[in-house]
Participant: 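Here it is, the structure, as structure tokens.
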Amino acid sequence: MIEREQIEMDVVFVGAGPANLAAALHLKNSIAEHDELVERGVRHGNKVGEIEIAIVEKGPYVGAHILSGAVMDPIAIRELMPDFLEQGCPVDTVVTDDAFWYLTKNRAINPPLVPPPLKNKGKYIISLSKMCEWLAGKCEEAGINIFPEFPASEVLYDDNERVIGIRTGDKGIDKEGKPKGNFELGVDLLAKVTVLGEGSRGSLAKQLVTRLGLNEGKDDQVYSLGVKELWEVPADTFPEGKVVHTLGFPSDTKTYGGGWIYGLKNNMISIGYVTGLDYLDPLIDPHAEFQKFKTHPKIAEVLRGGKMLRYGAKTINTGGYYTMPRLYADGVLLVGDCASFLNGQRIKGIHTAIKSGMLAAETIIDAFEHGDFTSRTLRHFEEKVDHSWIYDELYPVRNFHASFQSGRWSALINSGLQFLTGGMAWGFMPKEHHIPGHERMQHIDDRHGNTDRTRYAELKFDKEMIFDKITDVYHAGVAHNEDQPSHLHVLDTEICATRCAEEYGNPCQRFCPAAVYEMEFNETRKRPELKVNFSNCVHCKTCDIADPYQIINWVTPEGGGGPDYKGM
Ligand SMILES: Cc1cc2nc3c(=O)[nH]c(=O)nc-3n(C[C@H](O)[C@H](O)[C@H](O)COP(=O)(O)OP(=O)(O)OC[C@H]3O[C@@H](n4cnc5c(N)ncnc54)[C@H](O)[C@@H]3O)c2cc1C
């Protein structure tokens with residue numbers, strides 16, 4: 001029997017996104033500061049000393065799997081590193097102009113006032129992928145170990161359900177599940193504290209929250225899918241530093257959705273569309289919604305004569321404060337998107353991810369100082385969050401997404417009330433409003449107006465402005481070794497061929513933005529059956545979330561596989 005290697009660390013961070021990179025760096029810097037103050041007698045307490053910190057990342061390099069808009073509120077990075085600009089943080093440009101367009105089918109209504117949550121002047125337009133690469137460099141300079149191509153595949157527990165680390169995925173297994181010549185067993189990384197910062201719908205966070213019941217008494221999480229392209233447009237078409245957010249076309253009024261255009265340097269723009277994955281009509285296709293968005297005259301005017309360079313798609317956890325799980329258990333903390341720190345109203349989570357990581361780091365220092373890594377000490381993380389500006393920002397907008405579940409007009413009225421009363425008006429709304437998308441999706445039903453078969457009838461994939469999924473996936477630089485077991489576990493394919501086909505028309509073919517799921521006619525069985533093109537997967541996790549029967553389980557593939565979002 002091959003022995004599995006065990007490596008002892010002090011703290012292991014799962015995922016090299018902004019939350020964990022900030023956490024690890026803040027931890028390292030704050031320990032040095034803390035110990036110096038204790039040494040000088042300025043602070044009472046114990047020194048922490050040198051600790052071993054590791055960050056594991058499933059992508060081939062830090063940033064490869066990072067996809068965002070992205071306008072960053074600098075409040076948190078400034079706290080982490082007050083001289084972040086002088087230290088070379090790769091911000092693209094400063095926001096100098098904001099606009100909000102309400103789109104009807106053919107017109108754009110441009111109200112003179114931009115809704116306050118969408119005001120971004122003075123914030124930074126960035127490539128989050130580039131920023132994470134830069135932050136990873138800072139972490140390495142500080143002596144933090146970063147292991148790219150190391151997906152964490154399992155949480156490790158002791159006999160008392162205390163988290164004691166993670167197991168990384170095995171390498172070199174063929175599609176039949178047999179070891180190949182390059183087979184390598186994953187390692188067990190043991191740690192006193194494990195921090196999950198896996199981003200939206202983290203695969204370990206999902207296991208942990210369920211196993212330890214961390215979402216008891218909380219609302220179910222709700223998600224959206226953001227589909228993005230990076231374009232080069234003709235000079236003077238869209239100014240650098242301009243930020244546009246849209247509402248309306250092409251989403252119907254029952255569906256949560258909106259678009260963005262951000263003007264970067266060198267005539268580049270980030271353009272994208274967000275669709276709530278709690279839509280009702282199973283015929284909705286978030287990728288097609290984005291393509292349709294680009295056909296609007298006001299949007300097409302920006303893109304005409306330009307060239308699409310890159311593509312990506314990723315889910316966003318939109319539920320907010322009420323959907324935040326318990327953030328700690330013995331030996332473990334949850335930070336960033338996988339712990340619901342995103343502000344859905346502002347569509348911003350970078351700053352809250354960074355701040356959550358910093359507060360987690362401060363909690364970990366307390367734990368080392370007292371030599372206690374159980375919930376007794378780690379629960380202080382939640383108190384720190386509730387006493388920080390994260391609470392002040394997230395609590396007043398706690399019902400933002402829930403109100404969209406009653407339709408766009410109710411949401412707009414509620415948003416207005418919320419603004420006028422500083423968040424008080426929503427205190428009267430029942431909080432059980434967050435219904436997960438897979439429960440909301442309705443059966444195909446042409447009689448009651450739930451199903452719109454004409455939704456994309458006019459969409460022409462001209463491959464100049466409007467792209468099909470396969471062309472877009474090519475621009476996401478996706479690569480997976482095809483000789484490995486599929487990382488998309490469909491637990492009962494019989495349902496796909498029978499009930500799902502009849503009830504929902506196999507919505508996986510539409511909700512997946514990367515053409516992973518296909519119903520293919522099986523000549524022997526004389527019926528369409530599910531084919532999973534796992535190598536197209538962009539790791540957005542939509543299938544794990546949106547499948548109405550909850551029979552798709554996304555697990556980490558072999559390390560290094562996935563999209564390449566360099567510079568996105
Ligand atoms: C389309 C889109 C547009 C957005 N626009 C904005 C915006 O304009 N402004 C803003 O502030 N926010 C925006 N956000 C939200 C913002 O990107 C997130 O809130 C933020 O990235 C969350 O950071 P995180 O560290 O929690 O997770 P992530 O950034 O998702 O990083 C998680 C990392 O963990 C890795 N990982 C996951 N699981 C494992 C595992 N098991 N093992 C090893 N590694 C793993 C991933 O590969 C990834 O590198 C947007 C999000 C999307 C999807």
Side-chain angles (χ1 to χ4, degrees), residues 17-19 22-23 68-80 115-120 123 196-197 199-202 205 209 214-215 217-224 226 256 274 276 278 315-328 333-360 362-363 379-405 411 414-415 417-434:
S68 193
V71 172
M72 176 178 70
D73 183 332
I75 178 171
I77 187 92
R78 225 172 244 145
E79 287 179 23
L80 178 71
L118 299 180
K119 284 190 175 159
N120 288 293
K123 312 227 164 19
L196 301 186
S200 175
R201 193 69 162 197
V209 166
L214 301 186
N215 56 352
K218 313 280 179 162
D219 274 17
D220 286 306
Q221 186 56 273
V222 280
Y223 298 86
S224 300
Y256 175 81
V274 172
D278 48 359
T315 53
I316 306 171
N317 51 298
T318 348
Y321 192 78
Y322 280 148
T323 58
M324 209 176 252
R326 198 171 97 202
L327 300 173
Y328 65 88
L333 295 173
L334 290 142
V335 296
D337 272 14
C338 74
S340 197
F341 275 98
L342 181 130
N343 178 342
Q345 192 191 43
R346 295 175 73 200
I347 334 158
K348 284 195 176 53
I350 300 170
H351 64 307
T352 43
I354 292 176
K355 181 69 178 176
S356 70
M358 292 172 70
L359 296 173
E362 288 163 23
T363 312
R379 73 187 163 83
H380 296 307
F381 177 40
E382 282 197 350
E383 289 159 18
K384 288 183 199 295
V385 168
D386 282 349
H387 287 107
S388 73
W389 54 255
I390 294 187
Y391 177 87
D392 300 339
E393 181 174 332
L394 296 189
Y395 191 72
V397 298
R398 63 201 175 281
N399 277 310
F400 175 75
H401 191 87
S403 63
F404 266 93
Q405 293 198 328
N414 273 302
S415 294
L417 276 175
Q418 182 267 341
F419 179 63
L420 291 174
T421 63
M424 293 301 288
W426 281 352
F428 304 115
M429 281 181 62
K431 80 177 192 73
E432 296 73 16
H433 267 190
H434 290 105

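Keep in mind that the numbers below use all heavy atoms, side chains included, and drop hydrogens, waters and symmetry copies.
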Participant: Going by side-chain contact (heavy atoms from CB on, under 4.5 Å), name the residues that satisfy it together with A70, two or more places apart in sequence or in a different chain.
Facilitator: S68, I126, I350
Participant: I need the H380 NE2 to L333 CG distance, nearest 0.5 Å.
Facilitator: 12.0 Å
Participant: R346: what forms a side chain to side chain donor-acceptor pair (under 3.5 Å) with it, not counting sequence neighbours?
Facilitator: D73, H351, E393
Participant: Is any side-chain heavy atom of D278 closer than 4.5 Å to one of T318?
Facilitator: no
Participant: Using a 6.0 Å distance limit plus a 45 degree cone around the ring axis, check whether R326 lies over the aromatic ring of Y328.
Facilitator: yes
Participant: Kindly write out the residues that satisfy side-chain contact (heavy atoms from CB on, under 4.5 Å) with T323, not counting sequence neighbours, or none if the list is empty.
Facilitator: D219, Q221, S340, H434
Participant: Do Y395 and Y322 have side-chain heavy atoms sitting under 4.5 Å apart?
Facilitator: yes
Participant: By ring pair (Phe, Tyr, Trp, His ring centres under 6.0 Å), which residues pair with Y256, not counting sequence neighbours?
Facilitator: H401, F404
Participant: Just jot down the side-chain contact (heavy atoms from CB on, under 4.5 Å) partners of L342, sequence neighbours excluded, or say none.
Facilitator: I316, N317, D337
Participant: Under the salt bridge (charged side-chain N to carboxylate O under 4.0 Å, His left out) rule, what pairs show up with a residue in residues 350-360, not counting sequence neighbours?
Facilitator: E79-K355
Participant: Tell me every residue that passes salt bridge (Lys or Arg N to Asp or Glu O under 4.0 Å) with K384, counting only those two or more places apart in sequence or in another chain.
Facilitator: D366
Participant: Which heavy atom of A19 sits nearest a heavy atom of G336, and at what distance?
Facilitator: CB-CA, 3.8 Å
Participant: Which atoms form the tightest heavy-atom contact between P325 and L334, and what is the distance?
Facilitator: CG-CD1, 4.4 Å
Participant: Going by the rule side chain to side chain donor-acceptor pair (under 3.5 Å), which residues pair with H387 if we only count those two or more places apart in sequence or in a different chain?
Facilitator: none
Participant: Just to verify, what does E362 make a side chain to side chain donor-acceptor pair (under 3.5 Å) with, not counting sequence neighbours?
Facilitator: H26
Participant: Considering residues at least two apart in sequence or located in another chain, which fulfil the side chain to side chain donor-acceptor pair (under 3.5 Å) criterion with K348?
Facilitator: N120
Participant: Nearest 0.5 angstrom please: I75 CD1 to I354 CD1, how far?
Facilitator: 11.0 Å
Participant: If you round to the nearest 0.5 Å, how far is OH of Y391 from OG1 of T352?
Facilitator: 16.0 Å
Participant: With R78, which residues qualify under salt bridge (Lys or Arg N to Asp or Glu O under 4.0 Å), at least two apart?
Facilitator: none
Participant: Looking only at heavy atoms, what is the nearest atom pair of T315 and S200, with distance?
Facilitator: OG1-OG, 2.9 Å
Participant: Using the side-chain contact (heavy atoms from CB on, under 4.5 Å) criterion, which residues pair with D220? Sequence neighbours excluded.
Facilitator: P436
Participant: Give the minimum heavy-atom separation between S356 and I390, together with the two atoms involved.
Facilitator: N-CD1, 3.8 Å
Participant: When you compare the side chain of L394 with that of V385, does any pair of heavy atoms fall below 4.5 Å?
Facilitator: no
Participant: Tell me the closest heavy-atom pair linking F381 and A360, and the distance in Å.
Facilitator: CE1-N, 3.4 Å
Participant: CE of M324 to CG of L214: how many Å apart, nearest 0.5 Å?
Facilitator: 13.5 Å
Participant: Are any non-hydrogen side-chain atoms of N343 and Y321 less than 4.5 angstrom apart?
Facilitator: no
